[in-house]
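Everything quoted here is computed from the prediction, not taken from an experiment. Remember, it's 1-based here, ligands and their atoms both numbered in the order they're listed.
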Amino acid sequence: TKQIFSGVQPSGNFTLGNYIGAMKRFVALQEEGNCIYSIVDLHSITVPKEPKALREYTMQLAAMYLSIGINPEKSILFIQSHVKEHAELGWLMQCTGYIGELERMTQYKDKSTGKDVVTCGLLTYPALMAADILLYDATHVPVGEDQKQHLEFTRDMAERFNKKYGETFVVPEPMIQEFGGRIMSLDDPSKKMSKSNPNAASYVALLDEPSAIVKKIKRAVTDSEGIVRYDKVNKPAISNLLTIYSVCSNEPIETIEQRYEGRGYGDFKKDLAEVVVNALTPIQQEYTRWMASPELEDILKQGAERATAIASVTMDRARRNMGLVTF
Ligand code: TYM
């Protein structure tokens with residue numbers, strides 16, 4: 001059976017990109033293996049946050065995981081900082097990876113260039129991510145395409161450690177979707193959709209009101225051809241909208257292309273907005289319910305206990321194999 005691990009940062013404003021690229025898949029994977037999903041708060045603080053905001057975002061993300069359909073009876077859902085082994089193995093990974101490898105990470109370059117100060121954690125972030133995955137002997141890691149490089153680093157760390165200290169870690173496989181692995185910005189199809197974009201019209205947030213979704217999709221850039229056709233190279237904007245349509249309506253791209261044959265972008269966008277609103281409305285209703293639920297805390301406590309039971313075994317193995325004295 002598959003051992004599945006993934007994490008999402010509690011940085012507020014989850015987007016349709018997070019949902020389509022990763023989180024929607026988390027739900028389906030519950031039928032395929034043992035799933036462990038984390039709210040990676042230790043990753044979020046690589047760019048310092050207001051404590052109050054971090055606390056809120058953390059609980060909001062927990063509620064969001066449950067709202068999209070993560071079942072806490074089946075899957076383990078926990079807050080990363082509640083399982084101390086993440087920080088601990090993270091250190092061992094920092095002492096396994098090389099600075100040069102970390103400096104080459106595109107996410108690090110994107111997030112650090114032009115900044116007055118950059119935390120040490122922003123550089124060593126992939127070492128912590130490797131620890132997240134390796135602690136659970138994960139075989140499969142569903143992520144969006146932007147995490148591919150970090151997954152390659154994780155595989156390198158597992159292999160390097162195993163070679164040097166003996167068989168310790170499982171080398172994980174990334175699971176990146178061909179459609180939806182990279183959802184692009186609504187205002188610029190050459191950039192990925194991101195919650196950190198200062199232009200809120202560039203992304204659909206999972207908690208956006210229907211009227212905001214309609215407005216954002218109406219304003220989304222297209223092209224001058226006027227034909228609804230999937231062609232990633234020549235028609236990146238329309239291809240992105242078609243991907244969103246297809247994932248949210250569970251229809252193949254061709255069916256949608258046929259539906260809009262001989263019709264303009266206006267009709268297509270109007271229906272797309274409706275499709276997105278219909279996909280998000282039930283999630284938003286569940287979200288309101290979970291945010292008010294006293295169960296949320298218990299679920300996270302239990303999740304942390306179940307996660308610790310697994311992580312502590314791997315941690316002991318790593319410690320012992322590396323030569324740290326254990327009694
Ligand atoms: P994060 O929090 O930035 O994003 C969560 C997930 O959403 C995906 N994603 C996208 N997919 C498609 N199109 C987009 N525009 C888009 N934007 C975001 C991301 O690829 C990710 O899968 N480092 C990770 C969190 C993490 C993690 C882990 C993931 C920490 N430890 C261990 C897997 C395994 C991150 O910052 O994701």
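Backbone and side-chain nitrogen or oxygen atoms of H150 are examined, and none is located within less than 3.5 angstrom of a nitrogen or oxygen of ligand 1. Backbone and side-chain nitrogen or oxygen atoms of M129 are examined, and none is located within less than 3.5 angstrom of a nitrogen or oxygen of ligand 1. When only interatomic distances are considered, the shortest N/O to N/O separation between M193 and ligand 1 falls below 3.5 Å. Remark: ligand 1 and K192 share no N or O pair separated by less than 3.5 Å (distance only, no angle test). The distance criterion of under 3.5 Å between nitrogen or oxygen atoms is met by D146 with respect to ligand 1. When only interatomic distances are considered, the shortest N/O to N/O separation between Y125 and ligand 1 falls below 3.5 Å. Checked by distance only, ligand 1 and M184 stay at 3.5 Å or farther apart across all their nitrogen or oxygen atoms.
Which parts of ligand 1 touch V141 is read off a 4.0 Å heavy-atom cut-off, strictly below it: atoms 33 (C), 34 (C). Heavy-atom contacts of A22 reach the following atoms of ligand 1: 6 (C), 7 (O), 22 (O) (cutoff under 4.0 Å).
For the residues R182, M175, R25, Q147, the heavy atom positioned nearest atom 37 (O) of ligand 1 is part of Q147. Comparing Q80, E145, H43, H86 against atom 30 (C) of ligand 1, the shortest heavy-atom distance belongs to H43. The option with the heavy atom closest to atom 26 (C) of ligand 1, from among G7, S194, S185, P174, is G7. Comparing heavy-atom distances from atom 33 (C) of ligand 1 across G144, S6, A131, A138 singles out S6 as nearest.
Below 30°, between 30° and 60°, or above 60°: for Y136 and F5 the angle between ring planes is below 30°, a parallel geometry.
Shortest non-hydrogen contact noted between L29 and P142 is CD1-CG, 3.5 Å.
Residue pairs meeting the ring pair (Phe, Tyr, Trp, His ring centres under 6.0 Å) criterion with at least one member in residues 12-50, sequence neighbours excluded, are F26-Y37, H43-Y125. Pairs of residues two or more places apart, or lying in two chains, that qualify as ring pair (Phe, Tyr, Trp, His ring centres under 6.0 Å) and include a residue from residues 176-202 are F179-Y230.
Heavy-atom separations between G180 and ligand 1 include at least one value shorter than 4.0 Å.
Salt-bridge formation is not detected for the pair E103/K109: no Lys NZ or Arg NE/NH1/NH2 atom is positioned less than 4.0 Å from an Asp or Glu carboxylate oxygen. Ionic pairing of K192 and E145 is not present here: no N-O contact between side-chain nitrogen and carboxylate oxygen is shorter than 4.0 angstrom.
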